[in-house]
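So the structure is just underneath, and the comments pick up after that.
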There are 2 protein chains.
Amino acid sequence: MASRSAGAPGKARGELSAVDALAQLSFLIHGALERRVAEHDLSIIQTRLLGVLRDRTPTMNELAKLLELDKSSITGLVSRAERRGLVARATSSADRRAVLVSLTAAGRSLASAIASRFEADVSMMLESLPPSDRKALPRLASQVLVDHASRQGIDLFATTDS
Amino acid sequence: MASRSAGAPGKARGELSAVDALAQLSFLIHGALERRVAEHDLSIIQTRLLGVLRDRTPTMNELAKLLELDKSSITGLVSRAERRGLVARATSSADRRAVLVSLTAAGRSLASAIASRFEADVSMMLESLPPSDRKALPRLASQVLVDHASRQGIDLFATTDS
DNA sequence: TATTGTTATACTCTATAACTATA
DNA sequence: TATAGTTATAGAGTATAACAATA
């Protein structure tokens, strides 16, 4: 369990189990993002919405798949963001049932501000490591991500323009 | 932004920025836990509640500090867990205002089941790495955690029995 | 008076089921 | 008929403010 206290069974003092260490790091980063975006009165899911809209203008349906939520949840999520002027709805001209969601200028600027703040937060966490380890950690993380994605038949670096 | 697509500016194809890699790994682990505990109709916060109770019997107030929630949020959280028979309330004999929260046998067994399932999930993610890296990743994660904690004046490995 | 916990209230987030409009 | 999206409804999770009981 991630939130259990440090002393895992069978581990020497001053050590976390592999799983504990990764789980706690995950909570640390997640929590840092949560606190950061809370300063802008955003939740994690609202932030993810802004994030996926930075380089897409998906339909509500596509948004539901991207965020792994039910379409009815997307309705409310987008409506609250729209009420705050962060995103805009537009009826698709190709299919008049479909609604296209895009970032407003305000939404884009907020997304950028958060991204750079958060980047600084994570960089700060890494600064305690010696320079060689500071490169190794993201490299290993990438490796796990790429392998995990490929295990699901996804190429993390697939490009549309090829 | 963590949920942005892979190609970060200024990065060669096939690479994630350091921050992106860590953020995405964090979301991967968080999501894996979320899906795992959903099988038992638990949320992340309910799971964290069970987790902190594995080696503590705190008051509501202490629980609020441990989980970084308002005490009024703890009331509902504990009540829902209590209704499911996972935790129990008991009035403190030392201070009759205080309520002590503990894990029931059912709660403890559920917490153990989840911990071992989740441990397997994370181990599986690590198995794609060569053995040396498989040790390095948790080691680096621990280092970041310990340094982060000490920066806040906390000794992650403090013991009560010394 | 101060502290512990609960209650009342309000809002976000989520899902299921029923609905409308378009295809 | 099938699909895209919204609405109605219900419940978890969260915070603020007001409250009761105990210290």
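So you know, we letter chains A, B, ... as the sequences are listed, proteins then strands, and number each from 1. Quick caveat, the model's predicted, so the values are computed rather than measured.
For the segment residues 86-104 of chain A, the set of residues with a heavy atom within less than 4.0 Å of an atom of DNA chain C comprises A/Asp95, A/Arg96, A/Arg97, in numerical order.
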Could I get a table of every N or O pair under 3.5 Å where one atom is in the protein and the other is in nucleotides 10-17 of chain D?
from   : atom 1 : to      : atom 2 : distance (Å)
D/dG13 : OP1    : B/Ser43 : OG     : 2.3
D/dG13 : OP2    : B/Gln46 : NE2    : 3.1
D/dG13 : OP2    : B/Arg80 : NE     : 2.6
D/dG13 : OP2    : B/Arg80 : NH2    : 3.1
D/dA15 : OP2    : B/Asp70 : N      : 2.9
D/dA15 : OP2    : B/Ser73 : OG     : 2.6
D/dT16 : O4     : B/Ser72 : OG     : 2.7

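With sequence neighbours left out, the side-chain contact (heavy atoms from CB on, under 4.5 Å) criterion links B/Ala88 to B/Ser102, B/Thr104. Evaluation of the side chain to side chain donor-acceptor pair (under 3.5 Å) rule for A/Ser72 yields A/Asp70 as partners, not counting sequence neighbours. When the side-chain contact (heavy atoms from CB on, under 4.5 Å) test is applied to A/Val122, the partners found at least two apart in sequence or on another chain are A/Phe118, B/Val19, B/Leu22. Residues that satisfy the side chain to side chain donor-acceptor pair (under 3.5 Å) test with A/Glu39, not counting sequence neighbours, are A/Arg36. For B/Thr59, the side chain to side chain donor-acceptor pair (under 3.5 Å) test picks out no residue, with sequence neighbours left out. Not counting sequence neighbours, the partners of A/Glu82 by the salt bridge (Lys or Arg N to Asp or Glu O under 4.0 Å) test are A/Arg89.
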Donor-acceptor contacts under 3.5 Å from residues 25-35 of chain B side chains, at least two apart:
from    : atom 1 : to      : atom 2 : distance (Å)
B/Ser26 : OG     : A/Ser26 : O      : 3.2

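Note that the first and last nucleotides of DNA chain C, 5' to 3', having any atom under 4.0 angstrom from a heavy atom of chain A are C/dT12 to C/dA23.
Using a 4.0 Å heavy-atom criterion, one finds that A/Thr59 contacts the sugar-phosphate atoms exclusively.
Applying the salt bridge (Lys or Arg N to Asp or Glu O under 4.0 Å) test to residues at least two apart or on different chains, the pairs with a partner in residues 91-102 of chain B are B/Asp95-B/Arg97. Residue pairs meeting the salt bridge (Lys or Arg N to Asp or Glu O under 4.0 Å) criterion with at least one partner in residues 133-154 of chain A, sequence neighbours excluded, are A/Asp133-B/Arg139, A/Arg139-B/Asp133.
Judged purely by atom type and a 3.5 angstrom limit, B/Ser142 uses its side chain to pair as donor or acceptor with the backbone of B/Pro138.
Distance A/Leu63 CG to D/dT3 C1': 17 Å, rounded to the nearest Å.
Residue A/Asn61 places at least one side-chain N or O closer than 4.0 Å to OP1 or OP2 of D/dG5.
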